[in-house]
Amino acid sequence: MPDSTAPTQPEGPTSPQREEPTSASPETSRDDGGPRPSQSPADRPVYVIGGGPGGLSVARALRACGIRAVVLEKSDRVGASWRRHYDRLHLHTTRRLSALPGLPMPRRFGRWVSRDDVVRYLEKYAEHHQLEIVTGVEVSRVERAPDGTGWLLHATGGRELTGGAVVVATGHNHTPRLPDWPGRDTYSGELRHARDYRNPEPYAGQDVLVVGVGNTGAEIAVDLVEGGAARVRLSVRTAPHIVRRSTAGWAAQYTGVLVRRLPVRLVDRLARPLAKVSVPDLSAHGLPRPATGLYSRVTEGSIPVQDVGLVDAVRGGRVEIVAAVQAFEDGEVLLADGSRVTPDAVVAATGYRRALEPLVGHLDVLDDRGRPVVHGARTPRNAPDLYFTGFTNPISGMFRELAIDAEKIARTIARRSADRVSRLPG
C-alpha cells in the first residue's frame, strides 16, 4: 500500500496479503522529471483510508452504488486495531446490531461477539464483497490536487495518489495517549499502555495498578482479578456512570438507540432512577454516583461503563478504588489524595488520540480537540468530497453507526460526485 495509484483489479476479491498498486498517479513526476498529463475524473477512485469496520463498510456501500473504492490500510491485514485488543474483549453491543451492511454476523458468534470473531468477520466481509484493498500503505497527508479537483494523497515510499473523493476511517482509537506524569520517565517499575495488555498471565501474583475507569480499564481490572493478580487497584479521577450490559435480556444498547435523539436533559432525568434500580450504590467503595447526568457526560465524550464484573469485584473488595495518579516518585506512584502506592506494574487505560493533525490538520477541518468538525455524509465547507467516519463514540453502538454512516456517505458521493469519481465496469 514506483509512485502509483490504486491497484487495477476492481472486480476481484482481495485477501489480507499485501498488493502493490500498478497504475501511475497523474501528479507524480515521470522518470524523466516531466509532469504527467492530467488524469480524467473517470480515472479517480474514492480512496478510503483505513481497513477497519468503518473503512470496509464504506467501501462496500460505494461498490454497491457502482463506484470504485480503494481501501488503503497501513497494516498487512484488515482489522489491525482489533487484532491488538486484549484477549478477553467482547463487543458490548449485540451481534444483530453490530453487523455491517450486506453481511450478517453468524449466529455461532453468540450475542456478545468476541475479539477474534470480530476479526474473522472483517476478513470475511472484505472477501465476500470483493473489496479492493491495498495493504502496507500508510497515508501521511491529504491535500487538494494541483488541478483543484479531487484530492492528492501522500503515502508510504513517496507515493502520490489522486482520488475524486476521500473517506478518512483511521479510527477513534488510533494512537495511545499516555499522560506526561512527572517522574514517569524515571519510574523503575513496569508501566505500559492498555493497548499493550493482552491477558493477565504475566501479572499472576503481582500487585497491579490500573489507571482509568473507562470500559477498557474496568474490564482489564476484572480480567486481572480473575486471572490471578495478587492485588488490583483501579485509579479513578472522575467516577463514571455504570450500566448493566443487559438487564432481563434487554441490552443497554437498545436503550441507547431509543434515546440517542432525545433531549439531553430528558435522558439525564430518565437515567437517574433506572441507575438506582439496576446498579448498587458504590459510594462506600470509592465510586459515588456522578452528579452530572449520564447523557450530558456522553455529549462530553464520556461513555458509560458497561458492567462485565466490575460492580461485584468492587463490592467484594477484589478491585480497590484509589485516587487519580499525580506523579511517579522514587519508585512509587503518588496519588491525588496524597497517598503513595508501590505496585509491581501499572497499566494505563488512559485512552487514545485520533492523531488526525498530520493527515488533515492543515485543511482546517478539525476542532480544538482534534476531532473532525463534521462526520458521516457531511463534508467541511472548505473541503468538499472529504468525509470522516468512526470518530464519534455513540451510546447506540459504534458498529451500528458505522453501518449507517457508510450507506449515507456512499449515497451522497453517488449523488454529488458521480462525475468526479471512477465507476465500476458494467
Side-chain angles (χ1 to χ4, degrees), residues 16 50-61 63-64 71 77-131 169 171-173 198-199 214-216 218-220 222-223 226 242-261 278 298 303-311 376 389-410:
L56 297 181
S57 57
V58 168
R60 178 267 171 189
R63 186 175 179 85
V71 178
R77 295 175 291 180
V78 299
S81 64
W82 278 91
R83 299 174 193 274
R84 291 193 300 265
H85 286 312
Y86 49 93
D87 298 346
R88 176 194 179 97
L89 180 66
H90 285 67
L91 291 179
H92 289 169
T93 54
T94 66
R95 181 193 74 252
R96 294 184 64 184
L97 293 186
S98 299
L100 302 178
L103 186 67
M105 286 188 170
R107 293 188 65 179
R108 69 177 183 276
F109 285 0
R111 193 182 195 196
W112 312 107
V113 182
S114 71
R115 176 205 64 185
D116 290 346
D117 282 337
V118 169
V119 172
R120 292 186 185 99
Y121 175 72
L122 295 178
E123 291 175 340
K124 182 63 177 179
Y125 192 85
E127 177 186 357
H128 178 79
H129 292 299
Q130 299 185 320
L131 302 182
H172 189 271
N173 296 339
R198 291 295 174 268
N199 57 62
N215 278 291
T216 296
E219 192 158 357
I220 287 177
V222 173
D223 198 34
E226 295 178 354
I242 301 175
V243 301
R244 299 290 191 187
R245 186 169 66 175
S246 179
T247 304
W250 180 266
Q253 182 188 12
Y254 299 161
T255 303
V257 172
L258 292 175
V259 306
R260 63 187 296 270
R261 298 194 183 280
S278 61
V298 170
I303 298 298
V305 170
Q306 294 206 18
D307 178 40
V308 290
L310 180 67
V311 171
T389 185
F391 296 98
T392 60
N393 198 4
I395 58 174
S396 49
M398 175 66 82
F399 273 54
R400 179 180 182 273
E401 296 302 320
L402 289 174
I404 293 172
D405 275 355
E407 302 282 9
K408 290 181 177 179
I409 290 171

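Scanning all heavy atoms of the two residues, the minimum distance from Val298 to Pro304 falls at CG2-CD, 3.8 Å. Between Val222 and Val308, the closest heavy-atom pair is CG1-O, 4.0 Å. Of all heavy-atom pairs spanning Thr392 and Met398, the tightest one is O-CE, 2.7 Å. A pairwise comparison of heavy atoms in Pro101 and Ala403 identifies CD-CB, 3.6 Å as the closest pair. Considering every non-hydrogen atom in both Ile409 and Gly376, the closest pair reads CG1-O, 3.3 Å. Nearest approach of Val305 to Ala218, heavy atoms of both residues: CG1-CB, 3.8 Å.
With rounding to the nearest 0.5 Å, the separation of CG in Asp307 from CZ in Arg245 is 9.0 Å. Once rounded to the nearest 0.5 Å, the distance linking CG of Asn173 with CZ of Phe391 reads 10.5 Å. In this structure, CG in Leu103 is found 7.5 Å from NZ in Lys124, a value given to the nearest 0.5 Å. Atom CD1 of residue Ile220 and atom CG of residue Leu310 lie 12.5 Å apart, to the nearest 0.5 angstrom. Taking CD from Gln306 and NE2 from His90, the interatomic distance works out to 13.5 Å, rounded to the nearest 0.5 Å. Atom CG of Leu122 is separated from atom CG of Leu131 by 11.0 Å, given to the nearest 0.5 angstrom.
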Next on the checklist: Could you walk me through whether Glu401 and Arg260 satisfy the side-chain contact (heavy atoms from CB on, under 4.5 Å) test, starting with their C-alpha distance in whole Å, then the side-chain angles of each, then the deciding distance to 0.1 Å, before giving a yes or no?
Outcome noted: CA-CA 11 Å; Glu401 296 302 320; Arg260 63 187 296 270; 3.0 Å; yes

Item to check | Test log, rule side-chain contact (heavy atoms from CB on, under 4.5 Å), inputs Ser57 and Glu407 | outcome: CA-CA 8 Å; Ser57 57; Glu407 302 282 9; over 6 Å; no

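Of the possible polar contacts, none joining the His128 side chain to the Ala126 backbone as a donor-acceptor pair under 3.5 Å is found. With Glu123 contributing its side chain and Val78 its backbone, the two residues share no donor-acceptor pair below 3.5 Å. Between the side chain of Gln253 and the backbone N or O of Ser396, at least one donor-acceptor pair lies under 3.5 Å. The closest donor-acceptor contact from the side chain of Arg63 to the backbone of His129 lies under 3.5 Å. Between the side chain of Arg95 and the main chain of Val113, no donor-acceptor pair closer than 3.5 Å is present.
Classified by interplanar angle (parallel below 30°, tilted 30° to 60°, perpendicular above 60°), the ring pair Tyr121/Tyr125 is tilted.
Look at Arg198 and Asp87 and you find no salt bridge, because none of the NZ, NE, NH1 or NH2 atoms lies under 4.0 Å from a carboxylate O. Residues Arg120 and Asp117 are paired through a salt bridge, judged by an N-O separation under 4.0 Å between the basic side chain and the carboxylate.
No hydrogens or angles considered: a donor-acceptor pair under 3.5 Å links the side chains of Thr93 and Ser98. No side-chain N or O of Arg88 forms a donor-acceptor pair with one of Ser114 less than 3.5 Å apart.
In this structure the side chain of Leu97 reaches within 4.5 angstrom of the side chain of Tyr254, judged on heavy atoms. A 4.5 Å side-chain heavy-atom check between Val243 and Thr255 finds every atom pair outside the cut-off. Residues His92 and Asn215 meet the side-chain proximity criterion, which asks for heavy atoms closer than 4.5 Å. Side chains of Val311 and Arg244 form a contact here, defined as non-hydrogen atoms less than 4.5 Å apart.
Cation-pi geometry between Arg115 and Trp82 is not met at under 6.0 angstrom from the ring centre and within 45 degrees of the axis.
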